[in-house]
Each structure stands twice: as C-alpha cells, then as structure tokens.
Amino acid sequence: QVQLVESGGGLVQAGGSLRLSCAASGRTFSVSPMGWFRQAPGKEREFVGAWSGGTAYLADSVKGRFTISRDNAKNTVYLQMNSLKPEDTADYYCALYSTLRRTTVAALRSATSYDYWGQGTQVTVSS
C-alpha cells in the first residue's frame, strides 16, 4: 500500500518561503516521477511541478520562485517555495506517477497521470 504524506504547509506573509515535504512509503519510488499540484478554493487542481529522471519541470506561474528536489534515500520529495504570493494560497498535494503511463512532459502536467495522492497540506500567503 503506497502512502504519501505531505508536511510543511502553514501561514506565511507575502515574500516569505516555505518548504513542503512529501514522504513516500510502501513502494520504491526512486524511478517513479513525482508531482506537486495545488488546488485553491473554488478552482480546479493545477500542476505546480514534477521531478522526473533527474529533471524538474515547473509551471510557468512558479518558475524562478519554486524548486523541486528529492532524496531517494529518504523516499522524500521537496517543494521549496520562495517569494510567495497571495495567489499561491492553496492546498498542495504530492502525487506518484502511474507505472502504466509513458512519461512525457504533457503527461507529467496532468493530474490523471498519477495513481497515488497525499492528503494535502494547506499553504496560506497573506498580503
């Protein structure tokens, strides 16, 4: 049984930073892409970034501010968020890519490509 547990969310002022962590258990995930998505109230879930094959892919809205890294020894992927803006306020979710789907950049950006999801962690950025 795969489990993904996010942590690190909270309340921060605009311009501040947070680092989210996603700890995975139940399956060796070192070769599986991992993604980060977010969902603001009343909005659809949107792609934030993904880590695949040693490369980080980021949404245009967060490029230059967010970075993704992973520690395979700890089965953990991180989302470092700097220069946070009020529009970054959302619930943030990590997800494990499906082993049945071919990895493409387009597929990494789609929530339907991921089999397992964490419970989410809330990020609130005050102005």
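What you see is a predicted model, and the numbers here were worked out from it, not measured in a lab. Quick note: numbers below take in every heavy atom, side chains included, and nothing from hydrogens, waters or symmetry partners.
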Is [X] reaching over with its side chain to a backbone N or O of [Y], donor-acceptor style, under 3.5 angstrom?
X	Y	answer
Asn72	Asn75	no
Thr121	Ser7	no
Glu6	Cys94	yes
Thr89	Val125	yes
Tyr78	Thr67	no

Rounded distance (nearest 0.5 Å) linking atom [atom1] of [X] with atom [atom2] of [Y]:
X	Y	atom1	atom2	answer
Trp51	Ser32	CH2	OG	14.5 Å
Ser25	Gln1	OG	CD	9.0 Å
Tyr114	Thr112	OH	OG1	9.5 Å

Closest contact, heavy atoms only, [X] versus [Y]:
X	Y	result
Arg102	Ala107	O-CB, 4.0 Å
Leu4	Met34	CD2-CE, 4.0 Å
Trp36	Ile68	CD1-CD1, 4.1 Å
Leu11	Ser126	CD1-CB, 4.4 Å
Asp88	Ser83	OD2-O, 4.4 Å
Ser69	Val77	O-CG2, 3.2 Å

Under 4.5 Å between any side-chain heavy atoms of [X] and [Y], yes or no?
X	Y	answer
Met81	Leu20	yes
Thr76	Cys22	no
Val12	Leu18	yes
Tyr97	Tyr116	no
Ser127	Pro86	yes
Leu79	Phe66	yes

Next on the checklist: Using side-chain contact (heavy atoms from CB on, under 4.5 Å), reason through Gln13 and Leu84 one step at a time and then give a plain yes or no.
Outcome noted: CA-CA 8 Å; Gln13 287 189 329; Leu84 282 161; over 6 Å; no
Checklist entry - Heavy-atom count around Gln80 CD within 6.0 Å, excluding the residue itself: above 12? => result yes
Checklist entry - Does the pair Asn82 and Ser17 meet the rule for a side chain to side chain donor-acceptor pair (under 3.5 Å), with working shown? => result CA-CA 4 Å; Asn82 300 325; Ser17 298; 2.9 Å; yes
Checklist entry - Think Arg38 forms a cation-pi with Tyr92, using NZ or CZ under 6.0 Å from the six-ring centre and within 45 degrees of its axis? => result no
Checklist entry - Within 45° of the axis and under 6.0 Å from the centre of the six-membered ring of Tyr93, does NZ or CZ of Arg45 qualify? => result yes
Checklist entry - Given Trp117 and Leu96, is the side-chain contact (heavy atoms from CB on, under 4.5 Å) satisfied, shown in steps? => result CA-CA 7 Å; Trp117 292 81; Leu96 181 62; over 6 Å; no
Next on the checklist: Evaluate Lys63 against Asp60 for salt bridge (charged side-chain N to carboxylate O under 4.0 Å, His left out), listing each step before the verdict.
Outcome noted: CA-CA 5 Å; Lys63 277 181 183 176; Asp60 289 344; 3.3 Å; yes
